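See below for the structure under consideration.
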Protein chains: 2
Amino acid sequence: MNVLEKIVSSVNNFSKSERKVADVILANPQVTIHSSIAALAKMADVSEPTVNRFCRRLDTKGFPDFKLHLAQSLANGTPYVNRHVEEEDGPEAYTAKIFESTMAALDTARQRVDISTINKAVDVLTQAKKISFFGLGASASVAHDAQNKFFRFNVPVVCFDDIVMQRMSAINSTEGDVVVCISHTGRTKNLCEIAAIAKENDATVIGITAYDSPLARECSLVLSLDVPEDTDLYMPMASRVAQLVLIDILATGFTLRRGSKFRENLKKVKDSLRGSRFDKKDMSL
Amino acid sequence: MNVLEKIVSSVNNFSKSERKVADVILANPQVTIHSSIAALAKMADVSEPTVNRFCRRLDTKGFPDFKLHLAQSLANGTPYVNRHVEEEDGPEAYTAKIFESTMAALDTARQRVDISTINKAVDVLTQAKKISFFGLGASASVAHDAQNKFFRFNVPVVCFDDIVMQRMSAINSTEGDVVVCISHTGRTKNLCEIAAIAKENDATVIGITAYDSPLARECSLVLSLDVPEDTDLYMPMASRVAQLVLIDILATGFTLRRGSKFRENLKKVKDSLRGSRFDKKDMSL
DNA sequence: AGTATTTTGTAATTTAATTACAGTATTTGG
DNA sequence: CCAAATACTGTAATTAAATTACAAAATACT
């Protein structure tokens, strides 16, 4: 828990003067880290020792140490302690909050993701005869994105967001095929079934899903992100972004494993798109 | 550029003693932020003023200020000064780099995005008779995602990743319709045409694209992200994530504008999905 | 080799942070 | 409702830290 969050969560344990200090700090944290204890005391209209005591109460060694912690909290790009969007938020507020909560989610995902599993997944993908990406609902767009990425690698890739097609594809899979199932909760029945079918047909099933979920149990390899989802608005937000980044990582691992010659090929694919685009210099239109 | 990067990049401009200081700091930055100037001077085997001068050379106000900057650099969790993936990177390295560069991209997007335009876009969307999301290639999955989100709002939404369908849809659009065109570069010819057609038919065209691009010129409203794209691997990565976050922001703005009663409706949509899922407690399967 | 310039360190000064203590407010038990 | 205890807050003194000014050493240049 960072200092800013700590201040908010323990706001009830503060005395009247300490609360004044807390308010001033929360109102302008950027100013705080560049202020002396005297300046801050003046802003909060309390004495200097009160500020010092405030810092100590937050388990820091003193005011300079507190500033250090505060600076780190701010560096995470989280001036907003409460990252949940609230009803009365204006455009500035909700825009900032959504950016920040997404970034925070990516940060936790980065810390929790298991690198050795990523490496195994890259292994499996590079050796795949065919790669299939399956997702439903919000995860369908992640699957599409994955298809777009891996298609460039000149590998047989398919992507279905239709359970019937997914099912047929899973039934037809054989050893050497890789099926990637994407689901944040890992509790979508249809997808679990498809994972099971693919597994029965000796395909390697990679799950981008919650660690301890029904879907995870059907998978040969589970890439768990464990992003805390903002449930306020009943929409998947951060989890989806984390999934996309994971796709980026797998794709990158794939290209690195394939070597430099392979990457020249990628450039060709990209260059082939040029004809469909306006020239960068041609700004006449 | 953060302080750590700065130290590395300007290592040649340092004097012999300053370099000693730099070495000690780079070797154990975590220790540094909790040391006094005296302690650090001793570690580097130089005098205290030398440390102070070192800090000044890095455009900080002095040693305490330097520690603040250093703390922020460390908090970002960016031990990697160079965030670009390199050929010899192992799984730990490229995973970390991709997470970090994505987060950095989101941070710049947050700073550059124009809030008043977001607000206008939300205005337009809430009043739309019909909303269409169009994207091609990598942006197609962003469009799909947008559809998934706005569909929950019980608003007429369409999404096409097929230029013929897009074209037909654009031709049929009328006043009050909103067309959202998604393209990172804004130079995809087909999409520019479609934007132009939609505009001619009095639809409001929102562009999620580069500020000064051909597509932008066809739009009534331009939401520019200006994310520095990592071109090393010839794949759009960060821009796409930023686009998704922008969609989240628009969707959130939409729900907030519609009020609390509307949000209850969202909950219903979510609850309706329950039947297709395994119960959270039922972990037997 | 001698001078100019840059670099470095010592010592003094200034500034900031902390501690000790005393007064004030607040709560609790009678 | 009052008194005693406890917790809270501020003033002033102390200590620690950082900065500045200046002098010495090292380096570079003529």
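Quantities reported herein were computed from a predicted structural model and do not represent experimental measurements. All chains are named by letter (A, B, ...) in the order of the sequence lines, taking the proteins before the strands, and each is independently numbered beginning at 1.
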Quiz item: Out of dT8(C), dA17(C), dG9(C), which nucleotide sits closest to the side chain of Val46(B)?
Solution: dG9(C)
Practice problem: Would you indicate whether the side-chain heavy atoms of Leu225(A) and Tyr211(A) approach each other to under 4.5 Å? | Solution: no
Quiz item: To the nearest angstrom, how far is Arg53(B) atom CZ from dT10(C) atom P?
Solution: 11 Å
Quiz item: Do you see a donor-acceptor pair shorter than 3.5 Å between the side chains of Arg257(B) and Asn119(B)?
Solution: yes
Quiz item: Using a cut-off of less than 4.0 Å, is there contact between a side-chain N or O of Lys61(A) and OP1 or OP2 of dA17(C)?
Solution: no
Quiz item: Taking atom types as modelled, is there a side-chain donor on Thr252(A) or Thr255(A) under 3.5 Å from an acceptor on the other?
Solution: no
Practice problem: For Phe63(B) and for Lys16(B), find the nucleotide of DNA chain D with the closest heavy atom, then tell me which residue's nucleotide is more 5'. | Solution: Phe63(B)
Quiz item: Watson-Crick or G-U wobble partner for dT30(D), using a 3.5 Å limit on both distances?
Solution: dA1(C)
Quiz item: Taking the six-membered ring for Trp, are His34(B) and His69(A) parallel (under 30°), tilted (30 to 60°) or perpendicular (over 60°)?
Solution: tilted
Practice problem: When you get a sec, tell me which of dA17(C), dT8(C), dA20(C) is the closest nucleotide to the side chain of Ser36(A)? | Solution: dA17(C)
Quiz item: Is Arg56(B) touching bases, backbone alone, or none of the nucleic acid, heavy atoms closer than 4.0 Å?
Solution: sugar-phosphate
Practice problem: Quickly work out the Asn52(B) CG to dG9(C) P distance and round it to whole Å. | Solution: 13 Å
Quiz item: Going through the checks in order, is the side chain to side chain contact (heavy atoms under 4.5 Å, CB included) test met by Glu18(A) and Val46(A)?
Solution: CA-CA 8 Å; Glu18(A) 283 172 339; Val46(A) 296; over 6 Å; no
Practice problem: Under 4.0 Å from any heavy atom of chain A: name the first and the last nucleotide of DNA chain D that qualifies, 5' to 3'. | Solution: dC8(D) to dT11(D)
Exercise. Report yes if at least one side-chain N or O of Thr50(B) is closer than 4.0 Å to OP1 or OP2 of dT7(C); otherwise report no.
Key: no
Quiz item: Is any side-chain N or O of Ser17(B) closer than 4.0 Å to OP1 or OP2 of dT8(C)?
Solution: yes
Quiz item: Less than 4.0 Å between a side-chain N and a carboxylate O, is that true for Asp107(B) and Arg110(B)?
Solution: yes
